[in-house]
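First the structure, in the form of structure tokens, and then the observations on it.
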Amino acid sequence: MSDAPDQPVETPADAAASQIEAAQNEAAQNEAAHTEAAQIDLPAETGRRLAKIAQLRDQGVEPYPYRFDRSHTLAEIRAAHGELEPGTETEVRVQVAGRVLLLREQGKLVFATMRDRSGEIQLFVSKAVVGDETFAAVGQLDLGDWVGIDGTVMTTRKGELSVKVESIQLLSKAVRPMPDKWHGLTDTDTRFRQRYADLIVNEEARRNFEVRHAMIASFRRTLHRRGFIEVETPVLHVEAGGAHARPFITHHNALDQQMYLRIALELHLKRLIVGGMERVYEIGRIFRNEGISPRHNPEFTMMELYQAFGDYSEMIEITETLITQAAIDATGTSVVTVLGPGDASEVVDLAQPWRRARMIDLVEEATGVAVHPSQPVEQLRELAAAHDVAVLDRWGSGKIIEEIFESTAEHKLTAPCFVTGHPVEISPLARVDRNDPYLTERFELFMGGRELANGYSELNDPIEQRQRFEEEQAGKEAGNAEGMGVDHDYLRALEYGMPPTGGLGIGMDRVAMLLAGTTSIKEVILFPTLRPEVF
RNA sequence: GCCCCUUUAGCUCAAUGGUUAGAGCAGCGGACUUUUAAUCCGUUGGUUCUGGGUUCGAGUCCCAGAGGGGGCACCA
């Protein structure tokens, strides 16, 4: 898989031939290594199954065939025949495929439970129907094997919808034993590292990712309906801007250029607004080189959208619509149970209007002291000290207010709340509030003590944006590792003129957590970041 | 980075510092033509996460390390 180094002069055909040869040699070595490993490391059960594979091949049976043509998913069969009376035999012939989950041998009968993505069904195998040879083959099946079935739809005497097997084809032999058929996997380490095994045995895990998919599909529908265009912007950035976060640093060899994985989508999307695209969005992975927690994964999915001619009030409206509609589409109801922070939980109908409150008012509510970024910084330092909030020397009044908010008020926001009016100091890309020069037209959505969304009236004045960037740059030079640098190309774009614009970012993983009812982001990310496994 | 919890068979879990570390499931052998986590009989399977230490004796106590979880810190 490594990049091929530059080859000496060689025709493409030569190169291809030598690559194939190299690959074959490598494959042969790998096979030898695997056989050795099988003898030394793997559990006895795997050894038995590997022996079965050899035996099948001796009999001319391929344990890993290329394809199988199915006529129905299992859900389709259940939808069409779920109402059959007990003890019914039909002439309906079906070809189905799935994984064998349970085997119940009963003398000359075998009952098996099979599952495909759509659902489960019972296989009914009678020695008298399939003959000795096929019946023996069924006896050689192991839990976890993939099979293709040709048979007819029936119900058993007890009424269980089943496929009466006429022939069975092994589609893929599983050589590793399945986790416990009843308890599944509980060890979180194994569940996240071996997500494949988790998905096989844990219904809850499968459901979480169905919810996630339904949510994202819902977002796309809503945005499509409103005339938004989905775009893709670069992941590799020369300047990691658009948010305050430490970036991952990488390097482009040919350009000999240090690059950063993006920490936000914002600045490229707003360039597109300058270009006249008017309504754009992107659902994309962003990367922040920070701690891992139940609410943070270093790579996560953000949806950002920008709408020309709008401002933050429309962003609040669209946030409510997107999330409420996603709840309905993914769970069938706008009523959700918001979990957290801590053990807190609250049942909320998202279809009701969500609370709005200014950050400074929430701080006053929590501390009993009125605050405003126009106050002298000394006063706010005192208040911070009174609430055990650590303050850095370079922080101004606005940053201190935010810190006080985070430690005194944020954790009380279980039900949805739009926190608005962030100080200018902490909002370098947001437009100043039309009624208060110290605040911005900005909001963050909090639910379950977690930030889910962030939006504002976009700053489109290139002169003011340059000043804000320069303040950020100064902070960065003073030691703020999360500070933004000056993005000269972005400033150039603004100089061409950006229309008044509303912008919004939603943390998709956190919305997925809300709708799936989990308190850990790892439950809604298929392969969460973990320390590398030592083999 | 700090604190707490945790790690025992393929999986899920037991085991006062005291015989040879047990059980269910899975596996293996056997019985069974209507099972539903099938049932019944028999049975294989262990680097108790790793390395030290205390002790007559350690899965159990102590120290160090590793993985995971939670919290704090960091972090939009």
Side-chain angles (χ1 to χ4, degrees), chain A residues 41-49 51-52 86-87 101-113 120-129 135 142-144 154-162 164 174-194 197-198 200-202 242-246 263-264 266 286 288-298 300 302 341-343 390 399 402-403 405-407 410 419 422 426-429 442 444-446 450-454 480-482 484 505 507 510 519-520 522 528 530-534:
Chain A
D41 291 327
L42 296 174
E45 172 62 4
T46 294
R48 272 191 290 276
R49 295 192 186 192
K52 280 186 186 175
L101 298 177
L102 296 170
L103 284 164
R104 296 180 289 278
E105 294 186 51
Q106 178 78 33
K108 296 186 177 65
L109 285 182
V110 173
F111 299 90
T113 303
E120 296 180 3
I121 207 161
Q122 177 169 269
L123 303 178
F124 178 93
V125 189
S126 161
K127 192 175 187 181
V129 172
F135 197 74
D142 288 298
L143 301 186
M154 61 167 282
T155 52
T156 61
R157 287 177 202 164
K158 294 271 176 63
E160 182 74 27
L161 183 66
S162 306
K164 186 163 81 174
V175 300
R176 190 175 283 267
M178 293 294 111
D180 190 283
K181 66 182 179 184
W182 186 242
H183 300 97
L185 282 174
T186 59
D187 180 54
T188 50
D189 183 21
T190 311
R191 286 189 51 231
F192 299 145
R193 286 188 196 281
Q194 301 183 34
D198 185 38
I200 291 170
V201 296
N202 288 332
H244 291 133
R246 290 177 201 233
I263 58 171
E266 177 155 356
I286 66 176
R288 296 186 182 177
N289 206 338
E290 287 156 5
I292 296 173
S293 85
R295 295 163 292 284
H296 299 86
N297 198 63
F300 62 103
M302 182 84 97
D343 296 330
K399 175 65 177 168
E402 183 194 35
E403 291 289 324
F405 163 76
E406 286 181 1
S407 46
E410 185 180 289
V419 178
H422 297 59
I426 56 166
S427 311
L429 301 167
R442 178 180 176 188
E444 288 180 307
L445 170 64
F446 283 86
R450 289 181 279 268
E451 181 197 345
L452 265 66
N454 178 23
N480 178 13
E482 292 83 39
M484 284 183 219
R510 291 188 176 173
T519 53
S520 169
K522 291 183 171 70
L530 300 170
R531 277 197 172 76
E533 189 171 5
V534 178

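Bear in mind the structure is a predicted one, so any value in this text is a computation, not a measurement. Below, each value reflects all heavy atoms present in this structure, side chains not excepted, and no hydrogens, waters or symmetry copies. Chain A is the first sequence line, chain B the second, and so forth, proteins listed ahead of strands; every chain is numbered from 1.
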ask   = Any donor-acceptor pair under 3.5 Å between the side chain of A/H296 and the base of B/C75?
value = yes
ask   = Base, sugar-phosphate, or nothing: which does A/N289 touch, judged by heavy atoms less than 4.0 Å apart?
value = nothing
key: salt bridge (charged side-chain N to carboxylate O under 4.0 Å, His left out) between A/R48 and A/D142, intermediate numbers included   = CA-CA 10 Å; A/R48 272 191 290 276; A/D142 288 298; over 6 Å; no
task = Could you work out the separation of B/U60 and B/C5 based on their P atoms and round it to a whole Å?
result = 16 Å
request  = Describe the nucleic acid contact of A/A128 in one word from base, sugar-phosphate, nothing, applying a heavy-atom distance below 4.0 Å.
outcome  = base
inquiry  = By the 4.0 Å heavy-atom rule, please label A/G87 as base, sugar-phosphate, or nothing.
reply    = nothing
message = Just N and O in the side chain of A/K164: are any of them under 4.0 Å from OP1 or OP2 of B/U33?
response = no
ask   = Nearest to the side chain of A/L102, which nucleotide is it out of B/G71, B/A37, B/U12?
value = B/A37
query = For atom C1', what is the distance between B/G45 and B/C56, given to the nearest Å?
reply = 32 Å
query = Would you call A/R157 and A/P86 a side-chain contact if the rule is heavy atoms closer than 4.5 Å?
reply = no
message = Rounded to whole Å, please give me the gap between CZ in A/R104 and P in B/A37.
response = 7 Å
message = Need one value for A/K108: base, sugar-phosphate or nothing, where a base atom within 4.0 Å counts as base even if backbone is also close, heavy atoms only.
response = base
B/A9 and B/U50, which share atom name P, separated by this distance in whole Å = 10 Å
task = For side chain to side chain contact (heavy atoms under 4.5 Å, CB included), just list the numbers for A/K522 and A/L530, CA-CA rounded to whole Å, side-chain angles, deciding distance to a tenth of an Å, and then say yes or no.
result = CA-CA 10 Å; A/K522 291 183 171 70; A/L530 300 170; 4.0 Å; yes
request  = Using atom CG of A/D180 as one end and atom C1' of B/A23 as the other, report the distance to the nearest whole Å.
outcome  = 13 Å
note = Rounded to whole Å, CE of A/M154 lies from C1' of B/U33 at a distance of 11 Å
ask   = With a 4.5 Å limit on heavy-atom distance, are the side chains of A/I286 and A/F300 in contact?
value = yes
ask   = With a 4.5 Å limit on heavy-atom distance, are the side chains of A/V175 and A/T46 in contact?
value = yes
inquiry  = On RNA chain B, does the nearest nucleotide to A/E444 precede the nearest nucleotide to A/R193 from the 5' side, or the other way round? Give the residue.
reply    = A/R193
task = Could you check whether A/A245 gets within reach of a base, just the sugar-phosphate, or nothing at all, counting any heavy atom under 4.0 Å?
result = sugar-phosphate
key: Rounded interatomic separation in angstrom, taking CD from A/E105 and P from B/A31   = 11 Å
Under 3.5 Å, N/O pairs linking protein and nucleotides 2-7 of chain B:
none

task = Check every strand shown and say whether A/Q122 touches a base, only sugar-phosphate, or nothing at a heavy-atom separation below 4.0 Å.
result = base
request  = Using the P atom on both, measure B/A23 against B/C62 and round to a whole Å.
outcome  = 29 Å
ask   = Closest to the A/D189 side chain: B/G69, B/G67, B/G70?
value = B/G67
key: Close side-chain approach of A/F111 to A/L102, heavy-atom, < 4.5 Å   = no
query = Between atom CE in A/M178 and atom P in B/G10, what is the gap in whole Å?
reply = 15 Å
key: Euclidean distance, A/R288 CZ relative to A/M302 CE, rounded to 0.5 Å   = 5.0 Å
key: Whichever of A/D142 and A/T190 has its nearest RNA chain B nucleotide further upstream toward 5'   = A/T190
message = Looking at B/G68, I'd like to know if its phosphate oxygens (OP1 or OP2) sit under 4.0 Å from a side-chain N or O belonging to A/R531.
response = yes
query = What interatomic distance, in whole Å, is found between C1' of B/G59 and the corresponding atom of B/G22?
reply = 12 Å
task = Ignoring the backbone of A/S126, work out which of B/C72, B/U33, B/G70 is nearest its side chain.
result = B/U33
message = Taking only the C1' atom of each, what is the distance from B/A66 to B/U47 in whole angstrom?
response = 15 Å
task = Using modelled atom types only, decide if a donor and an acceptor are shared between the side chain of A/S407 and the backbone of A/E403 within a distance under 3.5 Å.
result = yes
task = Locate the shortest heavy-atom distance separating A/T519 from A/R450; write the atom from each residue and the value.
result = O-NH1, 4.3 Å
task = Please work out if A/L143 contacts a base, only the sugar-phosphate, or nothing of the nucleic acid, heavy-atom cut-off 4.0 Å.
result = sugar-phosphate
key: Rounded distance in Å between the P positions of B/A15 and B/G51   = 24 Å
task = Pick the C1' atom in B/U48 and in B/C61, then give their distance to the nearest Å.
result = 15 Å
query = Just checking A/T186: base, sugar-phosphate only, or nothing, at a heavy-atom cut-off of under 4.0 Å?
reply = sugar-phosphate
inquiry  = Taking any heavy-atom pair under 4.0 Å as a contact, classify A/K522: base, sugar-phosphate, or nothing.
reply    = sugar-phosphate
